[in-house]
Amino acid sequence: MDEAITPLEQRVLGALIEKEMTTPDYYPLTLNSLTLACNQKSNRHPVVSFNETDVMNGFDRLHRLGLAMPASPGSGRVSKYRHCLVEELHLEPEHLAILCELLLRGPQTIGELRTRADRMHTFRDLASVESVLDDLKQHEPPLVRQLERQPGQKECRYAHLFGELPDEAQPAPTVVDSSGEERLDILERVVAELQEEVQLLKEKLKDLLE
């Protein structure tokens, strides 16, 4: 990318992509919904606590860079926001799913990306993920980079190129292997998604009543 975006802006962009792909009925997002999505505890690393002013400032710079924009006014009175990666970078859903995970969690291996991106796009095998990563590496401008394998790591990780490259010595959080902990992670994700859906339904009802 010509200009690097900050971790805050990366989180805002990743959250917009994710919600378009996982909850399309409630997309584009209001500022409140976008803030909740940025601060969500599941599918995020690190977990953050941004306020609406932070998120709006991040969105404004993404808008200036052509990566996001306010949604076209509809019947509701609440302002809503969306990303522009499809128009700006001509990306397919499989590319968006991989970039979304990298924006929300940082550098990851092919196996981690396949597991985590499945909620947005189903990859039949590791080779299909690798093919998408190759597309993103060859994109003009390049959107991902393969990091050097670090001592003690079995696989290489991949990072997006929207911001500064991370410290390659710092390992990314790995997929949990314990079945008990994995079930807990799934439950936490489901609860977070249900809480978000309730909030979105409240906003939709408010729009209808106004």
Side-chain angles (χ1 to χ4, degrees), residues 1-22 27-29 31 33-40 42-50 53-71 81-110 112-114 116-117 119-121 123 129-148 150 156-173:
M1 300 297 297
D2 292 336
E3 291 189 48
I5 61 176
T6 66
L8 163 63
E9 294 154 5
Q10 293 169 32
R11 180 59 59 90
V12 172
L13 184 58
L16 287 170
I17 298 169
E18 179 193 54
K19 298 312 173 187
E20 179 193 30
M21 301 187 79
T22 60
Y27 179 85
L29 302 181
L31 179 58
S33 297
L34 179 54
T35 303
L36 289 173
C38 288
N39 295 337
Q40 187 176 307
S42 60
N43 304 311
R44 305 286 187 272
H45 179 77
V47 172
V48 297
S49 183
F50 297 136
T53 300
D54 295 329
V55 172
M56 196 68 242
N57 288 338
F59 176 86
D60 284 342
R61 184 157 183 270
L62 291 172
H63 187 199
R64 290 196 296 272
L65 294 174
L67 299 175
M69 65 181 295
Y81 309 93
R82 70 181 188 90
H83 71 84
C84 300
L85 292 192
V86 174
E87 302 96 318
E88 186 70 15
L89 299 175
H90 310 292
L91 300 175
E92 298 296 331
E94 59 268 28
H95 302 127
L96 289 174
I98 294 298
L99 283 176
C100 178
E101 284 302 321
L102 293 175
L103 286 163
L104 292 178
R105 288 185 185 257
Q108 296 166 71
T109 65
I110 291 177
E112 289 170 335
L113 288 169
R114 183 193 178 197
R116 292 165 172 169
R119 61 202 171 90
M120 292 179 284
H121 181 86
F123 293 93
V129 178
E130 189 169 13
S131 176
V132 170
L133 288 167
D134 286 341
D135 289 345
L136 294 170
K137 284 191 291 184
Q138 296 167 22
H139 192 278
E140 185 55 47
L143 299 176
V144 302
R145 173 183 164 182
Q146 182 176 333
L147 303 179
E148 294 293 331
Q150 297 298 304
C156 293
R157 293 178 297 146
Y158 292 81
H160 68 76
L161 294 177
F162 285 91
E164 294 183 1
L165 285 173
D167 179 357
E168 296 187 19
Q170 297 299 318

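Throughout, numbering of the chain's residues begins at 1 and tracks the sequence.
Separating the OG1 atom in Thr35 from the CG atom in Asp54 is a distance of 8.5 Å, to the nearest 0.5 Å. Interatomic distance, CG of Leu85 versus CD1 of Ile17, reported as 4.5 Å (0.5 Å rounding). Taking CG from Leu136 and CG from Leu89, the interatomic distance works out to 10.0 Å, rounded to the nearest 0.5 Å. With rounding to the nearest 0.5 Å, the separation of SG in Cys84 from CG in Leu62 is 9.5 Å. Between the CZ atom of Phe162 and the CG atom of Leu65 there is a distance of 10.5 Å, given to the nearest 0.5 Å.
The shortest heavy-atom contact between Tyr158 and Leu102 is O-CD2, 3.3 Å. In terms of heavy atoms, Arg11 sits closest to Pro46 at NH2-O, 2.6 Å. Of all heavy-atom pairs spanning Met21 and Pro93, the tightest one is CE-O, 3.4 Å. Of all heavy-atom pairs spanning Gln146 and Cys156, the tightest one is NE2-SG, 3.3 Å. Residues Leu67 and Glu88 come closest through the heavy atom pair CD2-CG, 4.4 Å. When every heavy atom of Leu16 is checked against every heavy atom of Ala68, the shortest pair comes out as CD1-CB, 4.2 Å.
Taking the side chain as every heavy atom from C-beta outward, Leu99 and Leu13 never approach each other to under 4.5 Å. A heavy-atom distance below 4.5 Å is not found between the side chains of Asn39 and Val47. Contact check for Leu113 versus Phe123: no side-chain heavy atoms found under the 4.5 Å cut-off. In this structure, the side chains of Tyr81 and Pro28 stay at 4.5 Å or more apart for every pair of heavy atoms. The shortest side-chain heavy-atom distance between His95 and His139 does not fall under the 4.5 Å cut-off. The shortest distance between side-chain heavy atoms of Leu91 and Leu143 falls below 4.5 Å. Side-chain contact between Gln40 and Asn43 is present, with at least one heavy-atom pair separated by less than 4.5 Å.
In this structure, Glu9 pairs ionically with Arg61, as a charged nitrogen and a carboxylate oxygen lie closer than 4.0 Å. Using a 4.0 Å cut-off between charged nitrogen and carboxylate oxygen, Glu112 and Arg105 do not count as a salt-bridge pair. Salt bridge absent: Glu130 and Arg114 never bring a charged side-chain N and a carboxylate O closer than 4.0 Å. Salt bridge annotation for Glu18-Arg119: present, with a cationic side-chain nitrogen under 4.0 angstrom from a carboxylate oxygen.
Between the side chains of Gln10 and His160, at least one donor N or O lies within less than 3.5 Å of an accepting N or O. No side-chain donor-acceptor contact under 3.5 Å links Glu20 and Tyr27.
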Side chain to side chain contact (heavy atoms under 4.5 Å, CB included) assessment of Thr22 paired with Met120:
CA-CA 6 Å; Thr22 60; Met120 292 179 284; 3.6 Å; yes
Test side chain to side chain contact (heavy atoms under 4.5 Å, CB included) applied to Met69 and His63, step by step
CA-CA 5 Å; Met69 65 181 295; His63 187 199; 4.0 Å; yes
Decide yes or no on side chain to side chain contact (heavy atoms under 4.5 Å, CB included) for His45 and Leu104, but give the supporting numbers first.
CA-CA 6 Å; His45 179 77; Leu104 292 178; over 6 Å; no
After noting the C-alpha distance and the side-chain angles of Leu36 and Leu29, does the key distance pass the side chain to side chain contact (heavy atoms under 4.5 Å, CB included) rule?
CA-CA 10 Å; Leu36 289 173; Leu29 302 181; over 6 Å; no
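A donor-acceptor pair under 3.5 Å is formed between the side chain of Gln108 and the backbone N or O of Glu101.
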